Structures are given as structure tokens and as C-alpha cells.
*Asks:* 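Take a look at this one; I'll ask things after.
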Protein chains: 2
Amino acid sequence: MSTAPEGYDPHAYTPFAVTVDLAVFTVRAGRLHVLLVERGEAPYKGRWALPGGFVLPRESAEEAARRELAEETGLTQRSVRAFHLEQLRTYSDPDRDPRMRVVSVAYAALVPDLPEPKGGGDAAHARWWETGGTGPLAFDHDRILTDAYGRVGARLEYTCLATAFCPPEFTLGELQRVYETVWGVELDRPNFRRKVLATPGFVQAVEGPPRRTGGRGKPAALYRAGAATALHPPLLRPEGRPEGRTTP
Amino acid sequence: MSTAPEGYDPHAYTPFAVTVDLAVFTVRAGRLHVLLVERGEAPYKGRWALPGGFVLPRESAEEAARRELAEETGLTQRSVRAFHLEQLRTYSDPDRDPRMRVVSVAYAALVPDLPEPKGGGDAAHARWWETGGTGPLAFDHDRILTDAYGRVGARLEYTCLATAFCPPEFTLGELQRVYETVWGVELDRPNFRRKVLATPGFVQAVEGPPRRTGGRGKPAALYRAGAATALHPPLLRPEGRPEGRTTP
DNA sequence: TTAATAGTGTCTGTAAGACAATATTAT
DNA sequence: ATAATATTGTCTTACAGACACTATTAA
């Protein structure tokens, strides 16, 4: 064959375009939402797609993803830095873009409830869509979105990532609603509370007696995300659907 | 900036080389081994590296990885098809290759104990190395190998992947040794047995009374990998938990 | 016999599931 | 008062960890 086994012959490679695609998730009004942009050009003109763009000559895919995240949400690079961004996998089917050979590194981002992306240039045609209500997306983005959704659900089981959907200070009820929304199940509140509080470093009680109401009920104590990143033992989602919906 | 938000301008992209790198693991003689190739050219001449190569114009990264796996192990594409191959993540640091911009999609492969890669061209400088005994590798391959090792260990907890290290028919003792080798711990045999057999679809008893000896001891019953792919509930590796005797 | 590996059974502690009961707010 | 949410506590079950004990082979 033409490939050298132990090295790369700089003269024997095929040039590819490399892009990043982002599945930006948020929980809003008890529903999982994803950020999509409307395509203004062929192919797939008028279809919705995951935000993304080319990796620039001197940046890594991670840096490109972070830059795109700031552009599409309309926020500054600085404020976007706190958001959880995680590489999903790379999509490289030769025909995934009809125009040229494009390899795309997909990322999932978990953000708290943000205002509708408004303002200037790039984010002009961006909006939040409820997952499940998205029509067929451009390119292979349905597949990417499905993979991303599955990954987020699985990550909630073994990590403390659910707090990434919450504002800096949150109640245990809000945290529980993250799980219920992403997994599409109902959880027992006392048991959820016990589990979260028994996991060292998952959440951290906010000092003083500040409390906040979620409507009309007893005000809830506030917590911050703790230092822990993994969940031992995991918080497994109830049996029945190991994968949740396969098509979001 | 210069990237279009909803599409890819075919004239505005930077060309990259795209490669695959493989972390091929096997369990041999109670030790975890990884397949490495010795570099014959600069840069990193004489250093060992993960096997890999360019993605060809009309193949996906997955196909390239499968092709490279066959080339490096010296086996046919056909026999390599049964091996577990899993995309890890993509490495895209702008300076990871001093010669040019190379984005590499890393894969982990789990294979049963294979003969030393011998024969012809590409695999001439390939051999199995015990993990931990590898010197500094070429490029960012130490990082990739570390990530791959971590991923494999984690996957054993939540999936039935351990059987991928075993021959088609195996004993529970062999399966247990896979866990002990990868995790670097000792497991209690009765408890391991109970867990594996209680998980539907993990292993499947081989019919008839065929048995095989692992040395001198009671011959063990043989099993095949079952149809299950996930492990519910997971088989968590022992924590670094404090000593605790239950009976004095 | 002893050594080594395979397999069975049992006790116990941990954590999750179910759910009753109480507390504090808005309407 | 009633509805709604927060919080505490209790009972039960599933399952993992520890470990004693038996079974079957080679040397």
C-alpha cells in the first residue's frame, strides 16, 4: 500500500478540510434544548445544522470549538471558558459533505440556560430547539446529535456533569430536574437528595441561610458545584431504557 | 472571524493531513501489552511509536484503522474484522508533528493473544511491549497511549469488552485475569464468578462437557462471549478503600 | 500426600428503591 | 385551608465484599 507504517511521508498525503461541529445543550423550562443554525447556502439550504466551522491553521480542534461556541452563543470567549466542552468523536465518512472531503471533530457543550442567541453576524440564524422537535438536519448532523445526546445521558451517570446545566448556585430540585429532563424519567426526590449529599464533592452547601423559591413551596437551600468530577458509585438511571430515546 | 457559521466555504479552508493512530492492546502472560513500531526515519528516528498511517482519499478513519490493524498485525482484513476497534479521540495540537499539520484520529483495539508480528514489509519493526516498560514514544504517542489505557480500564467496568481479550472459548479464570491485569488488582474469585454469571448475556456456557486445564488444577468449564454489550449494573473496580474486616 | 486451580455456600454491610411523615411557603 | 415544594426518616431489597468450605486435577 501507499502508507508508510512508522511515519508520515510529507509528500504522500491527501489534504482534508478539518472542521468542528458543536452540540450545545441546555435545559430550559424542563426540556432539553440544542443550539442550531439555519443554513443560508447550498447544500442543505434552509435546513438546520449544528454550529461549527473550520479549524484554523494555528489552533487545535479544542480551541476552534471554544471559539465557535463563543461566536454562536454571542458571548465572550471569557464567559464561555467556564462551560463544559467535551470532545465526542470524529466523523470522517468520505461522502459526508457532497462538495469536498471534510473530517469533522464533534464536541458536546453543556451550558446553563442562556438568552436566545441574538445580535450580529454569525449568530443571526441561530436558535434553541427542543430536542426531538428538530427536523432532519443538514449533513450527518442527525447522527452526531443522536450520538451527543446518548453521550450526555451516559455521562450524567458516572460524572458530576449535571451541575454544568445549572447556574452557579442552584437547588437540589433544579439539579434533579436536569437528570429527569435528560433521561426522560422521574426520580424519587428523597432518594436523589440522599445520593447527591452522600457523594463527597458533588455539591457544596452555600453558607448562610440564603434560600430561593422555585414557585410556591418551601424555599430550598442553595448549593454550588463541588470539586468532585467523578461519581463513585455512579448514579445509574432507572432500568427500562438504557439509552433513552435514540432519536432526539 | 473568517469562518462561515452555517457552512463550509470550499475555498477558505486550510488543508490538513489526517492520520489514524492505533493503541493495540493484548493480555499476554498476565501482563498488558501494546503493539509498537520502531521509526526508521526522522523525526524521532529509532523511537517507538503507535502504528498508524494516512487516511486514504476514499476511506473513513474507521476503515483506515482497520486496514492498518491488519497490516501491522500481519493478519488478513478478514480475520481482523472480529477484533474490537473503538475510536478514542482526535489529537489536533498544531505542533504535534514538527513537519506539517497532522490531525490524528486515535483508536484502541483489543485483541486476543497473537503471535509476534512477523513477516513482510510494514510489520518488520513491530513488536509487543509490556505497558509501563515503554520508553518515551515518538510524537504525542505517550499521551495517546495513556489516554487509551485509561479508556480501556474504564470500559471494562461498564461493558462486556473483557471478552475481546480472550480467545473464542475461555474459562472464567482467564476472564478474571483480564480484569486483574488491566486494572492491576486482585479480585475475589467466587464474587467475580457470581457477578459474571448473574449478568445475562455476558458469557454463555459452552455445551457438552468440554473442559480445559490451565496448568494443574481442576479443569474449568468453557464459555463464549454472550450477546450483551453493556454491563448493568457495572462491575466497578475496587476503590483505594481503607481496610475493613467484617469478621474478627 | 501436597499444591494448585475450580466451584459452592453463607454471612454481612452498603446503598438504592419505596414511601410515610413533617416543614415551609404562596394562593 | 389547600396546593406545592423541601426535608427527614424508616423499612426493605439487591448486591458486593469477605471468606469458609468442597471438588478435581498434576506432580
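Model, not experiment: these values are computed from the prediction. Per chain, numbering begins at 1; letters A, B, ... match sequence-line order. FYI, side chains are in, hydrogens and waters are out, and symmetry mates aren't considered; it's all heavy atoms of this structure.
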*Asks:* Could you state the atom-to-atom distance from CZ of B:Arg189 to C1' of D:dC21 in whole Å?
*Replies:*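 It is 13 Å, rounded to the nearest whole Å.
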
*Asks:* Nearest nucleotide by nearest heavy atom, which residue falls closer to the 5' end of DNA chain D, B:Arg237 or B:Gly217?
*Replies:*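 Mapping each residue to its closest nucleotide by heavy atoms, the 5'-most match is B:Arg237.
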
*Asks:* Which residues within residues 151-161 of chain B lie with some heavy atom under 4.0 Å of an atom in DNA chain D?
*Replies:*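 Nucleic-acid contacts, sorted: none.
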
*Asks:* Specify the separation, in whole Å, of atom CZ of B:Arg194 and atom C1' of C:dA6.
*Replies:*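 After rounding, the gap between these two atoms is 16 Å.
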
*Asks:* Suppose we screen for salt bridge (charged side-chain N to carboxylate O under 4.0 Å, His left out). Which residues come up paired with A:Asp113, at least two apart in sequence or across chains?
*Replies:*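 With sequence neighbours excluded, A:Asp113 shows a salt bridge (charged side-chain N to carboxylate O under 4.0 Å, His left out) to A:Arg28, given in chain and number order.
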
*Asks:* Between the base of C:dA18 and the side chain of A:Asn191, is there any donor-acceptor pair under 3.5 Å?
*Replies:*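 Yes.
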
*Asks:* Taking atom types as modelled and ignoring hydrogens, do the side chains of A:Ser92 and B:Ser60 form a donor-acceptor contact shorter than 3.5 angstrom?
*Replies:*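 The criterion, which ignores hydrogens and geometry beyond distance, is not satisfied for B:Ser60 and A:Ser92.
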
*Asks:* With nearest nucleotide decided by heavy atoms, which residue, B:Asp188 or B:Arg177, maps closer to the 5′ end of DNA chain C?
*Replies:*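 Residue closer to the 5' terminus by nearest nucleotide: B:Arg177.
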
*Asks:* Find the distance A:Phe192:CZ to C:dC19:C1' and express it as a whole number of Å.
*Replies:*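 Answer to the nearest Å: 18 Å.
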
*Asks:* Give the rounded distance in Å between these two atoms: NZ of B:Lys218 and P of C:dA4.
*Replies:*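 That distance rounds to 18 Å.
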
*Asks:* Looking only at the side chain of A:Pro233 (C-beta and beyond, no hydrogens), which of the listed nucleotides C:dA15, D:dA20, D:dT25 gets closest?
*Replies:*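 From the listed options, C:dA15 comes nearest.
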
*Asks:* D:dG17 P sits how many Å from A:His232 NE2, rounded?
*Replies:*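 Whole-Å distance recorded here is 13 Å.
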
*Asks:* Give a yes/no on whether any side-chain N or O of B:Lys195 is located under 4.0 angstrom from OP1 or OP2 of D:dA16.
*Replies:*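 Checking D:dA16 against B:Lys195, a side-chain N or O does come within under 4.0 Å of OP1 or OP2.
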
*Asks:* Would a line drawn from the ring center of B:Phe170 to the ring center of B:Tyr223 be shorter than 6.0 Å?
*Replies:*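 Centroid distance B:Phe170-B:Tyr223: not below 6.0 Å, so no.
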
*Asks:* For A:Leu187 and D:dT5, what is the distance between atoms CG and P respectively, to the nearest whole Å?
*Replies:*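 Taking atom P of D:dT5 as the reference, CG of A:Leu187 is at 16 Å.
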
*Asks:* Short question: side chain of B:Thr181, backbone of B:Arg177 - any donor-acceptor pair under 3.5 Å?
*Replies:*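 Checking the backbone N and O of B:Arg177 against the side chain of B:Thr181, a donor-acceptor pair under 3.5 Å is found.
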
*Asks:* Does the structure place the NZ or CZ of B:Arg155 under 6.0 Å from the centre of the six-membered ring of B:Tyr158, at an angle of no more than 45° from the ring's axis?
*Replies:*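 Relative to the ring axis of B:Tyr158, which defines the angle, B:Arg155 lies outside at least one limit.
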
*Asks:* Which pairs pass salt bridge (Lys or Arg N to Asp or Glu O under 4.0 Å) with one or both residues in residues 223-234 of chain A, sequence neighbours excluded?
*Replies:*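 Pairs touching residues 223-234 of chain A that pass the test: A:Glu169-A:Arg224.
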
*Asks:* Classify the angle between the aromatic ring planes of B:Trp48 and B:Trp129 as parallel (below 30°), tilted (30 to 60°) or perpendicular (above 60°).
*Replies:*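 Correct class here is perpendicular.
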
*Asks:* Hey, is the side chain of B:Arg193 poking within less than 4.0 Å of OP1 or OP2 on C:dG7, counting only N and O atoms?
*Replies:*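 Affirmative; the distance criterion is met.
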
*Asks:* Take the protein atom CG of A:Leu197 and the nucleotide atom P of D:dT7, then report the distance between them rounded to whole Å.
*Replies:*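 After rounding, the reported distance stands at 9 Å.
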
*Asks:* Return the value, rounded to whole Å, for the distance between atom CG of B:Leu222 and atom C1' of C:dA6.
*Replies:*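 It works out to 12 Å between those atoms.
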
